[in-house]
Amino acid sequence: MLRATAFLLVSSAVLAGCGANQSALKPHSRASGQIARLWWVMLAGSGAVLAVVIMLLVVAIARRHAGRDDGGDGRARALVLAGGVAAPILVLSALFALALRTLPATSAPGAGRAKLTVEVVGRQWFWDVHYAGTGAVTANEIHIPAGETVRLLARTADVIHSFWVPELNRKIDMIPGRRNAIVLRADRPGVYRGQCAEFCGLQHAHMALLVYADPPARFRAWLAAQRRKARPPSSRPVRRGREVFLSEGCSGCHAIRGTPADAHVGPDLTHLASRSTIASDTIPNTRGYLGGWILDPQHVKPGNRMPGTDLGGQELGYLLDYLQSLR
């Protein structure tokens with residue numbers, strides 16, 4: 001008994017730690033608040049049903065030990081019908097009604113109700129993000145204005161994925177050939193972590209994203225910057241790095257607006273340096289990690305589609321100078 005109790009306590013602590021930055025029970029929007037409320041009510045309802053079942057079991061055991069198992073006691077039959085039939089029906093009906101009331105809060109708004117529409121494309125194993133009508137494209141990090149309703153359209157470019165930012169709303173599936181929609185609205189500025197919630201291959205666990213809810217003025221400034229093409233190189237090392245990028249095969253998979261690179265196999269890198277992480281929130285976007293990722297991406301995310309390179313130290317340095325200038 002003590003071992004079982006210790007196991008439950010340790011498991012609870014581990015699970016709590018896993019959900020520290022990505023918990024559906026820490027709502028930061030009306031939709032996630034409704035989901036959290038439904039979860040707590042369902043927990044209480046299931047606890048009540050369990051308590052009734054345990055009570056009936058205890059009564060039955062007590063009656064049997066007392067020798068009162070003749071089966072003709074009307075009170076016993078009434079107790080079974082009330083506790084084993086009527087109570088579960090009432091509790092489950094109430095939970096079903098509450099679930100139906102919760103659905104509208106989590107549904108996507110119509111196209112005319114949202115001022116901003118963001119399209120997210122799931123790929124193995126990263127997220128493309130397009131801001132409709134603006135030309136802005138980013139990857140793995142979504143910026144939205146805090147306190148404003150954003151309509152998010154989700155689709156997949158390969159296998160089934162599932163978009164889920166638990167602190168902001170429910171999960172939605174991304175099924176080949178179909179487009180799904182959801183609403184994102186953060187009550188206050190902050191950073192909210194999301195995750196692919198449908199197993200999609202070897203690196204499913206490393207397919208995360210970050211949602212930045214910015215103050216409206218900061219968001220508008222960010223969006224204006226993201227709409228612009230990449231700045232021309234301002235120094236010789238940066239110009240040399242641009243040449244390395246275009247000549248060493250990087251442009252065969254990535255796009256940088258304002259350059260001949262316009263491929264769409266990997267993430268758009270036009271404003272790579274403005275992002276806090278790379279490899280879909282797997283490693284920090286620092287010079288050292290970026291260099292390691294370029295040389296040996298399979299070490300970080302085995303099975304991803306980016307091949308390693310054999311760049312020399314000087315060429316790698318130039319390339320990093322160029323990529324870090326893309327703000």
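Owing to the predicted nature of the structure, the values given are computational and were not obtained by experimental measurement.
- No more than 12 heavy atoms of other residues, nucleotides or ligands lie within 6.0 Å of CD in Q314, so this atom counts as exposed by the packing criterion.
- To the nearest 0.5 Å, the span separating NE2 on H161 from CD1 on I175 amounts to 12.0 Å.
- Following chains of ILVMFWY side-chain contacts shorter than 4.5 Å, one cannot reach Y212 starting from V137, and the two form parts of different hydrophobic clusters.
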| field | Stepwise salt bridge (charged side-chain N to carboxylate O under 4.0 Å, His left out) test for D321 and R287 | value | CA-CA 9 Å; D321 289 336; R287 188 178 181 90; 3.1 Å; yes
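- In this structure, Y192 is a member of the same hydrophobic cluster as I172, with clusters built from ILVMFWY side-chain heavy atoms closer than 4.5 Å.
- Looking only at side-chain heavy atoms (C-beta outward), L116 and R151 stay at 4.5 Å or farther from each other.
- Clustering ILVMFWY residues whenever any of their side-chain heavy atoms sit less than 4.5 angstrom apart, transitively, puts M207 in a cluster other than the one holding Y289.
- Between Y131 and F219, the ring planes lie tilted relative to each other; the angle falls in the 30° to 60° range.
- Salt bridge absent: E148 and R185 never bring a charged side-chain N and a carboxylate O closer than 4.0 Å.
- Side-chain contact between H130 and V118 is absent, with no heavy-atom pair separated by less than 4.5 Å.
- Inter-residue side-chain proximity for N169 and F163 is flagged as unmet; no heavy-atom pair is nearer than 4.5 Å.
- Using a 4.5 Å heavy-atom threshold, the side chains of Q124 and V159 count as touching.
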| said: Evaluate T138 against R275 for side-chain hydrogen bond (donor to acceptor under 3.5 Å, both in side chains), listing each step before the verdict. | reply: CA-CA 9 Å; T138 185; R275 302 169 197 163; 3.3 Å; yes
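- Between H204 and F199, the ring planes are perpendicular. Angles over 60° get that label, and only those under 30° would be called parallel.
- Ion pair R123/D158 not flagged as a salt bridge, since none of the NZ, NE, NH1 or NH2 atoms sits closer than 4.0 Å to an Asp/Glu carboxylate oxygen.
- Under the 4.5 Å side-chain criterion, counting only non-hydrogen atoms from C-beta, V121 is not in contact with T156.
- Under a 4.0 Å N-O distance rule, the pair R179/E119 qualifies as a salt bridge.
- Counting heavy atoms from C-beta outward, R257 and H271 have side chains that approach closer than 4.5 Å.
- Between the CG atom of D187 and the OG atom of S29 there is a distance of 6.0 Å, given to the nearest 0.5 Å.
- Between the CE atom of M42 and the CZ atom of R37 there is a distance of 13.0 Å, given to the nearest 0.5 Å.
- Between T149 and K115 the shortest side-chain heavy-atom distance does not fall below 4.5 Å.
- Under a hydrophobic-cluster definition in which Ile, Leu, Val, Met, Phe, Trp and Tyr are linked whenever side-chain heavy atoms come within less than 4.5 Å, directly or via other members, L326 and L223 are assigned to different clusters.
- Minimum heavy-atom separation, L209 to Q195: CD2-N, 3.7 Å.
- The two residues L202 and W125 come nearest to each other via the heavy atoms N-CZ2, 3.5 Å.
- Contact annotation: the side chain of S280 approaches that of K301 to within less than 4.5 Å [non-hydrogen atoms, C-beta and beyond].
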| Worked check of side-chain hydrogen bond (donor to acceptor under 3.5 Å, both in side chains) between T309 and E315 | CA-CA 11 Å; T309 64; E315 288 184 317; over 6 Å; no
